[in-house]
Each structure stands twice: as structure tokens, then as C-alpha cells.
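No hydrogens, no waters, no symmetry mates; every other heavy atom, side chains included, goes into these values. Counting starts at 1 for both ligands and their atoms, in listed order.
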Amino acid sequence: MYNNEQTIALQKKTTEWLANVNASNISGIVKNNTEDLRNCLRFHEYRYYVQNDPLISDFEYDTLYKLLEHFEKENPGAVTTDSPTQRVGKGLIKDFPKTPHLVPMLSLENSYNADDLLDFDRKAREISGLHEIEYCVEPKFDGASISLVYEDDMLIRGVTRGDGEVGDEITLNVKQIRSVPLSAKFSEYGIEQIEIRGEVLMNKNNFKAYNDALIEEGIPPLANPRNAAAGSLRIKDTAEVSKRNLEAFLYHVSYDHATTAQPKTANAPQDPAEKPETHSGMLEMLWNLGFRSPKNEMKVFKGIDAVIKHVHDFEKVRDNLGYEIDGMVIKVNDLKLQDRLGMTSHHPRWAIAFKFKARQGTSKLLAVEFQVGRTGAVTPVAKIEPVQVGGVTVGSISIHNEAYIKEKDLMLGDTILIERSGDVIPQIVKSFPELRTSDEKKIEFPTLCPVCSSALYKPEEDAVWRCVSLTCPAQIAEGIIHFVSKDAMDIRSFGEANVRKFYEMGLLRSIPDIYSLPYDEIGKLDGFGEKSIIKLQQAIEDSKKQPLNRIIYALGIRYVGETTAKTLANAVDHLTDFAAFSEEQLMQLDDVGVKVAKTVYSFFHNADNLKLLQKLEELGVQLKNEKKGTVTDGNLSGLTFLFTGTLSQLKRSDAEALVERNGGKILGAVSSRLNYLVAGESAGSKLEKAKKIPAIHVISEEEFIKMLPSSK
Ligand code: IVH
């Protein structure tokens with residue numbers, strides 16, 4: 001899309017714009033060079049969203065974006081439909097009008113093994129009379145399919161698949177997908193109108209963050225990123241769609257119409273560029289026009305044998321990708337040959353999908369057990385006939401709450417479809433009411449706490465039933481498990497099993513007991529040698545010095561997640577200072593709303609809780625704020641890091657502390673959730689593994705230091 005020369009020129013322009021932002025005559029400069037500024041922004045969107053290789057920081061992009069936005073607000077007449085500002089939704093969409101596709105969106109024939117592919121190849125060779133066929137193989141993206149129409153180089157329509165003939169027009173929502181260009185120079189190929197097909201995805205990181213946020217709100221998570229993408233496209237508030245960070249791969253031109261004798265576009269060239277003759281060439285063309293096509297993910301092979309090997313190899317690395325795929329698509333590469341092979345009424349004869357091992361499976365809902373969490377929430381857990389899904393045996397699944405049971409129409413004895421996609425916890429996709437035999441039974445919710453038998457209670461605004469007894473053993477044990485957990489006080493050698501064991505034995509009955517454990521008794525237990533006791537003792541001792549934000553998070557105050565805990569930690573010199581805060585004062589803090597203010601207020605106005613804090617302090621836990629003001633939700637917020645190899649300027653532990661102080665997180669291993677691997681001298685297997693996952697940025701120690709706020 002942008003050659004070296006253009007890249008250098010645009011980057012130079014960007015630097016100039018950034019240097020001029022505060023100039024006194026800046027509005028005049030923007031007025032005379034608006035399209036130049038827009039081109040800079042388009043270029044950086046492309047670097048970020050299509051190439052995944054940004055050249056400027058988010059802050060710098062935002063600065064230029066705001067500059068353009070401000071100018072356009074003052075000069076509404078100068079706004080163009082493909083201005084980068086035009087992605088931002090204009091409030092609420094009323095409805096999604098039914099709209100026919102230019103060409104019906106047929107689906108693909110499926111194949112599951114080598115024989116199916118050999119068969120497909122044999123038929124294609126028979127019809128074509130060729131001895132060997134060239135194939136282009138690309139991932140089968142597991143998202144929501146869409147079609148886009150561009151006319152005179154402008155994106156004019158985005159439509160969902162619908163029934164294949166007619167879909168829902170979702171243009172405004174499609175514009176929220178930053179990798180979809182609002183305009184593209186099809187005129188250079190002599191194309192006046194074109195319809196392109198592709199798949200909208202939510203990547204695994206965003207999906208996980210989205211589901212985590214739902215869970216924190218007490219809302220059941222979504223079963224898979226496909227549902228998340230499809231659901232997001234149907235939201236009527238475009239600003240909300242924008243927040244979902246959707247992505248799109250465009251992989252097929254279904255229709256194109258040549259420019260008529262009188263070109264409508266002023267910039268249509270006299271001699272249009274040659275249109276590609278192969279599918280791989282077409283992916284290249286789309287890429288060059290600024291689309292995220294699977295150009296880098298596709299491969300071309302001569303003959304089906306190499307294709308078969310490739311699809312099997314690819315299945316082994318599917319988990320390393322940042323997004324979900326459910327197979328591969330094999331396409332005849334020669335477009336003329338595609339035309340000759342044609343279509344059946346259901347699918348093209350020139351393409352076939354090779355489906356990977358399913359991540360779904362059917363099972364039976366045998367029973368429902370009710371578990372009590374640390375907030376007293378009673379969660380129904382479905383016990384199901386064990387079933388293998390995505391290489392794991394699943395025997396029980398959380399079914400969240402009563403409303404969820406109703407929504408999924410679940411009954412005991414039902415046949416159910418379950419899914420486990422990527423590293424997401426398994427979910428029930430749906431039940432099959434049509435298979436009921438009338439032996440199925442309604443799921444009865446208990447009225448008493450299954451652990452302590454006190455009456456359950458459901459606040460009006462809540463979706464879950466709760467046990468509100470302060471002495472409920474389940475809540476106490478779960479609360480202690482949360483307190484010692486990795487993201488809270490991080491008492492590494494404690495672990496859930498030990499908490500439960502000590503709790504049941506009566507050695508640990510409250511959070512402060514952690515700091516006065518009877519080690520002589522524990523030493524007599526099976527599996528506790530001298531070494532493990534010393535390790536446990538040391539880990540507990542170390543936790544006394546954890547920063548205040550971790551203690552706040554560890555206390556498990558409702559709605560106080562890690563980010564809110566950081567905000568709160570910055571507001572006081574000592575934890576018990578909160579006892580003097582009113583709800584209104586709490587709401588003055590960043591991102592603290594009514595809900596959080598209420599729960600924080602009531603936590604610090606409860607005499608038992610204050611006593612607990614006093615006891616912790618007496619036992620040596622640091623409640624004074626040693627680092628007031630340094631716990632920022634800084635510019636690493638939401639990002640994950642891992643260090644490997646030897647660092648030359650920083651100690652590993654200091655580097656990790658810097659990440660956390662700036663709002664980032666340290667991961668324990670390389671996984672698709674990792675954003676940055678900081679590789680020092682003689683980095684080994686972690687580096688090798690990270691290189692195979694495209695979403696991970698491998699950076700040097702210097703680059704890491706540059707990301708920190710103090711170095712800017
Ligand atoms: S080609 C005329 N390529 O899979 C054929 N489809 O089960 C056009 N899909 O409806 C489709 N990745 O929504 C094609 N690389 C890819 C794909 C892909 C995902 C979807 C598409 C299609 C469905 C068929």
C-alpha cells in the first residue's frame with residue numbers, strides 16, 4: 001500500500017504536524033492542508049490496524065486526530081465522507097434496513113479429512129481437464145461474514161450475510177472497524193463498483209477482556225468470539241461498537257463493475273492497472289489498496305497433496321494465532337478456471353472448507369449444583385456427561401444465574417451443545433428442546449444457602465441470589481482464596497487447595513489468621529516438609545509489604561477490580577482513611593461511580609471490617625501508603641509483559657515493578673494473551689515461542705524503557 005518512499009514522506013509530514021500542533025496559525029495550516037492531515041491519519045490507521053506495526057504512539061495519533069476533528073467542527077462544510085473522523089458514530093442507529101447483496105453470499109462445502117479433499121481435487125481436474133491444479137489456501141476465519149460495497153472509491157455500504165440473498169445494512173457499524181478503509185483507489189484498476197466479502201472478528205485478547213468485564217459486572221460471558229463479533233455488529237450505539245475493537249479480514253471479490261466510458265471519478269486513470277488473474281493476486285491487490293486481506297496468511301500450492309499437508313500442519317498452530325479460525329479454505333487460484341468450474345446452488349465448485357477438530361460437542365445436563373462464592377453469590381454449576389471438547393474433558397460448566405437458565409432454556413436431562421474456544425472457559429451454547437422426551441425436569445433454585453442454610457436474598461438490581469450471612473464458611477474460604485491469589489497479595493505457595501485444607505481443619509478461619517498460622521501443626525501434615533513450610537512462611541512474610549492497591553483489591557470489596565483499587569490507593573495515606581470518606585467524596589475519584597462508591601463506603605463503615613484491618617496492621621501488614629501517587633493507571637494500562645534473557649540496565653524485579661506501577665501486568669508464560677516480550681541478552685525458548693505468535697511484540701530493553709512515561 002505504502003512504498004518506502006511514501007512511508008518516509010508520510011512519517012516526515014507526521015513529525016511536522018506534531019511539531020506544529022501548538023503553532024498560533026495552526027488552524028490556517030489545517031485549512032490549507034486538510035487532505036494532507038487526513039492522509040497522515042489514514043497512513044497511521046493502516047500501520048496500526050492492518051499492518052499491526054504502528055510508527056507513532058496512541059497519544060500522538062490522538063493529538064493529530066483531535067486537530068482534524070476540531071477543524072471539521074468549526075468548518076462543517078469541509079468534512080468529507082472518507083475523513084478519518086467519519087468513523088465516529090453519529091449517535092443511535094434506528095434500524096438495520098434489509099438490503100440485497102449484489103451477488104448472493106453462498107457458503108462453502110465442508111470437508112473433514114484428506115479423502116474429502118482428494119475428491120474435491122479429482123472433480124475439479126475432471127471438469128477442467130487439467131492434470132494438476134494450483135490452489136490458494138488461507139485460514140477460515142471464525143467470525144461474522146459481511147459484504148462491503150465501494151462505489152467511485154468510497155465505502156457506501158456494509159451488509160451482514162443474512163439469508164445469503166438479503167442481509168441487514170450495518171454501514172455505520174462497519175465504519176467502526178478501523179482496518180476497513182473508508183475509501184480505496186479501485187479507480188486505478190478501472191473499477192467503478194465492487195462488492196467484497198470478508199469476516200468480522202473479535203481477537204482473543206479483546207474477547208477475553210470483554211468477557212472479564214462482563215463477569216465483573218455480574219453478566220454472563222459470551223460463549224465465543226464469533227458471537228461477540230456478530231452481536232457487536234448489531235448494536236445500535238455506534239460508540240459502543242467502536243469500543244469493541246472489531247477487526248476484519250477481506251478475502252473475496254464477489255462482483256466488480258468496470259468504469260463506464262465517462263469516468264465519474266476525476267482521478268480515474270486513462271490506463272487502468274491490470275486486474276489480477278489469480279485469487280492470490282486479488283488478495284495482493286486488496287492488500288495494496290489498504291485492506292487487511294489474508295495476503296500474509298495465504299499460501300499457494302501446486303496439487304492437492306501439498307495442500308493436505310499444509311492444512312494439517314496449520315491445525316497444529318491454530319492456537320498460536322491471535323484470533324479464532326475453524327479451518328482452512330482451499331480455493332482454485334486461477335480466476336478464469338474458477339469461472340469455468342462455476343457454482344452449484346449451494347456453493348462454489350472452486351473452493352472448499354477444511355474444518356478443524358470441533359471445539360463444540362453435545363452432552364447431557366445431568367444435575368445442577370449450587371456453589372457459594374466469596375461475595376455470597378450462589379452460582380449454579382451444571383454437571384454434564386463428560387465430553388471431549390478441543391482436547392479437554394469437560395464435566396461441569398458454570399451456568400451463571402436464573403436469567404441465563406431461562407435464556408438458554410435449560411432443563412435437567414436436556415441435550416446441550418457446549419463450546420470451549422481457545423483458552424476461554426467452556427460455555428453452553430444452547431439446548432435442544434426438540435429432543436425432549438418429557439422426562440426432563442425444571443431446575444429448582446434453592447431458597448437456603450447450600451453451605452450454611454441461611455435464607456438467600458436477591459437485591460432488586462442484581463441478577464444473582466446471595467447468601468448474606470457474614471459467618472457463611474463458603475464465603476470466608478473463598479474470600480481467603482481471593483486474598484492470597486496472584487493478582488491480590490500474591491502469596492505464591494499458598495494456593496486454593498491449602499486454603500481449603502487449613503480452613504476445614506480449623507487452622508485458618510479468617511484473613512488475619514494467615515499471618516498467625518500454627519506452623520508446628522502444619523508441619524505434621526502430609527506433604528509439608530521443612531522446606532515447604534519455610535517457603536510458605538517467607539511468602540506470607542513478603543506479602544506484608546505489598547502495595548496498598550493490592551491490599552484493597554485483595555479485600556474483595558464488590559465491584560472493586562484491580563484498576564479501581566489503584567485509583568483508591570492513590571487517594572489516601574493510610575487505608576483506614578477511607579472511613580472518613582463520604583460517598584460523594586469517593587465519587588470525585590476517577591472512574592468511581594455510584595455503584596463502587598456505595599460498596600466502598602459501606603465496607604469502610606462496617607465495624608467488623610475496620611477491626612479486621614486493625615488486626616492485619618497489628619500482625620505487620622503494611623496499611624500505610626508508602627507509594628502514594630505512584631500507582632498509576634499509566635500508559636501501560638491493559639498491556640501484558642514478560643521478560644526473558646538477561647537485562648543490562650534494569651534488574652528483572654525492578655522492570656516488573658515498573659510495568660505494574662504503570663498499569664501493566666506481568667504474565668507467567670508466553671501465550672496469546674501476551675502483548676510484549678522484552679528480550680534481553682541470550683533469550684531462549686520464550687523468544688522462539690513468542691516469534692511464532694504474530695500478536696506478540698518482541699521488544700528490546702531500550703524499547704521497553706522508552707515506553708515508560710518518565711522517559712518521554
Ligand atoms: S470464501 C463464494 N474464504 O466461511 C465463497 N469464506 O462456511 C466465498 N469464511 O460464508 C467464501 N473465512 O463467511 C471464504 N478465507 C475465507 C473464509 C470464509 C471464513 C466464511 C464465510 C463463508 C463461510 C462458509
Side-chain angles (χ1 to χ4, degrees), residues 101-112 116-117 120 124 135-149 158-168 170 174 177 179-180 194-203 224-227 229-230 233 246-256 278-284 286-287 291-301 307 310-311 314-315 318 321-335 337-356 358-360 421:
H101 299 289
L102 296 182
V103 169
M105 287 175 81
L106 296 188
S107 69
L108 296 167
E109 190 184 0
N110 285 331
S111 68
Y112 298 91
D116 293 345
L117 292 180
F120 164 76
Y135 293 107
C136 180
V137 184
E138 66 203 39
K140 185 172 185 305
F141 304 101
D142 195 9
S145 40
I146 48 157
S147 76
L148 305 177
V149 177
V159 185
T160 63
R161 179 174 190 280
D163 62 7
E165 305 263 342
V166 176
D168 293 333
I170 49 159
V174 164
I177 307 170
S179 52
V180 170
I194 186 164
E195 184 182 58
I196 308 169
R197 283 181 60 171
E199 208 80 2
V200 175
L201 312 169
M202 186 183 279
N203 76 30
N224 52 50
R226 180 184 350 104
N227 290 359
L233 287 177
L246 299 175
E247 301 175 14
F249 273 101
L250 280 309
Y251 46 68
H252 180 66
V253 171
S254 49
Y255 174 83
D256 71 89
T278 57
H279 175 71
S280 53
M282 227 255 323
L283 296 182
E284 194 102 23
L286 288 176
W287 178 268
F291 290 84
R292 189 179 182 204
S293 76
K295 180 196 94 150
N296 299 327
E297 290 76 8
M298 59 98 175
K299 258 189 156 165
V300 175
F301 298 96
V307 169
H310 178 65
V311 295
F314 214 94
E315 180 160 13
R318 78 191 277 204
L321 296 173
Y323 46 84
E324 286 289 342
I325 65 173
D326 59 342
M328 303 296 280
V329 184
I330 296 110
K331 297 174 180 175
V332 168
N333 202 24
D334 180 342
L335 296 180
L337 182 52
Q338 284 191 3
D339 276 349
R340 271 174 59 207
L341 291 168
M343 314 255 184
T344 71
S345 57
H346 302 288
H347 49 74
R349 285 195 200 91
W350 46 263
I352 190 163
F354 176 81
K355 301 275 277 187
F356 289 160
R359 277 164 164 179
Q360 290 192 333
S421 56

Quiz item: Should E324 and R226 count as an ion pair when the cut-off is N to O under 4.0 Å?
Solution: no

Quiz item: Going by the order shown, which atoms of ligand 1 are within less than 4.0 Å of some heavy atom of P139?
Solution: 12 (N), 15 (N), 16 (C)

Quiz prompt | Per atom 22 (C) of ligand 1, closest listed option by heavy atom (R197, E297, M328) | solution = R197

Quiz item: Are any of the N/O atoms in F141 less than 3.5 Å from those in ligand 1?
Solution: yes

Quiz item: Any non-hydrogen atom of M343 lying under 4.0 Å from ligand 1?
Solution: no

Exercise. Answer with yes or no whether P348 contacts ligand 1, where contact means a heavy atom under 4.0 Å from a ligand atom.
Key: yes

Exercise. Anything under 30° is parallel, anything over 60° is perpendicular, the rest tilted; go ahead and classify F141 against Y323.
Key: tilted

Exercise. Go through the structure and list residues passing side chain to side chain donor-acceptor pair (under 3.5 Å) with Y251, not counting sequence neighbours.
Key: E199

Quiz item: For atom 3 (N) of ligand 1, what's the nearest protein heavy atom and its distance?
Solution: K331 NZ, 3.0 Å

Quiz item: If you measure every N/O of H252 against every N/O of ligand 1, is any gap under 3.5 Å?
Solution: no

Quiz item: Are any of the heavy atoms in G198 under 4.0 Å away from ligand 1?
Solution: no

Self-check item: Heteroatom distance test (E199, ligand 1): nitrogen or oxygen, under 3.5 angstrom
Solution: yes

Quiz item: Looking at side-chain heavy atoms only, is the closest gap between R318 and R359 below 4.5 Å?
Solution: yes

Quiz prompt | Non-hydrogen atoms of V311 and V137 that approach each other most closely | solution = CG1-CG1, 4.0 Å

Self-check item: E138: numbered ligand 1 atoms lying under 4.0 Å from its heavy atoms
Solution: 3 (N), 15 (N), 16 (C)

Quiz prompt | Identified side-chain hydrogen bond (donor to acceptor under 3.5 Å, both in side chains) partner of S254 from the options R197, H101, E195 | solution = E195

Practice problem: Look at atom 21 (C) of ligand 1 and say which protein heavy atom is nearest, naming residue and atom and giving the distance to 0.1 Å. | Solution: Y251 OH, 3.1 Å

Quiz prompt | Neighbour count above 12 (heavy atom, 6.0 Å) for K295 NZ | solution = yes

Quiz item: Given K140, Q338, E109, which one has a non-hydrogen atom that is nearest to atom 7 (O) of ligand 1?
Solution: K140

Quiz prompt | The one among L108, V329, N110 that brings a heavy atom closest to atom 16 (C) of ligand 1 | solution = V329

Quiz item: Has the side chain of N333 got a donor or acceptor atom that lies under 3.5 Å from a matching backbone atom of S280?
Solution: yes

Quiz item: Which residues pass the ring-ring contact (aromatic ring centres under 6.0 Å, His included) test with F314, sequence neighbours left out?
Solution: H310

Quiz item: Would you say S145 and ligand 1 have an N/O pair spaced under 3.5 Å apart?
Solution: yes

